[in-house]
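Counting convention: from 1, in listed order, for ligands and their atoms alike.
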Amino acid sequence: MRKRATLITGAVGEIGQALVSNLAEASDQLLITLDLQPLPDNIARSVTHIQGDILDKGLLSRLVSEYEINTIYHLAALLSTRSEFTPAAAHHVNVEGTLVLLQLASEQSEWRGTPVKFIFPSSIAAYGMPDLETKTNYARVREWEWNYPRTMYGCNKLYCEQLGIYFSMHYRQLAADRPVMLDFRSLRFPGLISAFTVPSGGTSDYGPEMLHAAAQGEPYACFVRQDVRIPFMAMPDAVTALLRLTEAPAEKLSRRVYNVTSFSLSAADFQDWVMKFFPQAEVTFKPDVKRQAIVDSWPADLDDSAAERDWNWQPEYDVERSFSEYLVPNIISRYRV
Ligand code: AKB
């Protein structure tokens, strides 16, 4: 008999590490993690880690021969800035990687006779505001508005959302028998901020980079203008949102892709919060016009009322609580040696 398991791809990334720690503590499910990198020691003990590529079909076949996968958190992706340097590689990892896993989940759903839950983090990068005036006028963007991404990463996320919906609703629609289809659920996250990891390769990274630099007593040159505004969320809320969406009864879900958010800050507001806790912080603003243009195309805020209505989504960490209870104390102890 195969052992039942939850699969987490991209487990060494920022969301991955936070999610794995939480799942390892809170559930008795067998956790299989997959990443190109080894898992950090503090979480490696509680999971079965496979170091490998999501595009390695042989590896995935061996995986399903040993485990009955009932939930997949597909977190592996190249983020927005990194994807602009290598767009073809981004497409390969972000789109083809997702397609391979959706196919695996479809086959597993058929075998089991019940849908595999496929949980997919999407992003504010799926939106594209054409100019700053529109960004100001449409502050809280709803899921179906302004779906005109400016980056390869945003295009990849938007298309993979559509692929997931297709595999959940229309896969093999011309076959004689309707297959048991997977259950795709996705969250469009704002910029995420973790106390324990520093992001790399993203464009919302200026927020967490500013904070982590201040905690280490290092100067920071912010690569966007002071007035640029996007939504953010503390990592514990991102993990809670993923788990709550996973657990939500299917009949409650009116959509397969939901916005979630917590607080919206300009880069100057972000600096003020950092200075409140680290008054010696040296922050300057040296906008990089090209990265700036990407952040300008992202909405100033997200409307997450559908998530609130359907599965009672509410962030637990507003900006005050994020900084004072989660980010600052944990970051201080992280850099205290
Ligand atoms: C990035 O900056 O690419 C990510 C995102 C907004 O999805 N943090």
Worksheet item: Is the number of heavy atoms from other residues, nucleotides or ligands within 6.0 Å of CZ (R112) greater than 12?
Response: yes
Practice prompt. Apply side-chain contact (heavy atoms from CB on, under 4.5 Å) to the pair D35 and L75, showing each step before the final yes or no.
Written response: CA-CA 10 Å; D35 201 293; L75 313 179; over 6 Å; no
Worksheet item: Taking atom types as modelled and ignoring hydrogens, do the side chains of T6 and Q29 form a donor-acceptor contact shorter than 3.5 angstrom?
Response: yes
Fill in: Protein contact of atom 8 (N) of ligand 1 - nearest heavy atom, named by residue and atom, plus distance
S204 OG, 2.9 Å
For ligand 1, which atoms, with element, lie under 4.0 Å from some heavy atom of [X]?
| X | answer |
| --- | --- |
| S123 | 5 (C), 6 (C), 7 (O) |
| S80 | 1 (C), 2 (O), 3 (O) |
| T203 | 1 (C), 2 (O), 3 (O) |
| L79 | 3 (O) |

Worksheet item: Does the N or O separation between D205 and ligand 1 drop below 3.5 Å for any pair?
Response: no
When the ring centroid of [X] is compared with that of [Y], is the distance short of 6.0 Å?
| X | Y | value |
| --- | --- | --- |
| H212 | Y335 | yes |
| W146 | Y138 | yes |
| F323 | F270 | yes |

Discussion item. With a 4.0 Å cut-off on heavy atoms, is F189 in contact with ligand 1?
Written reply: no
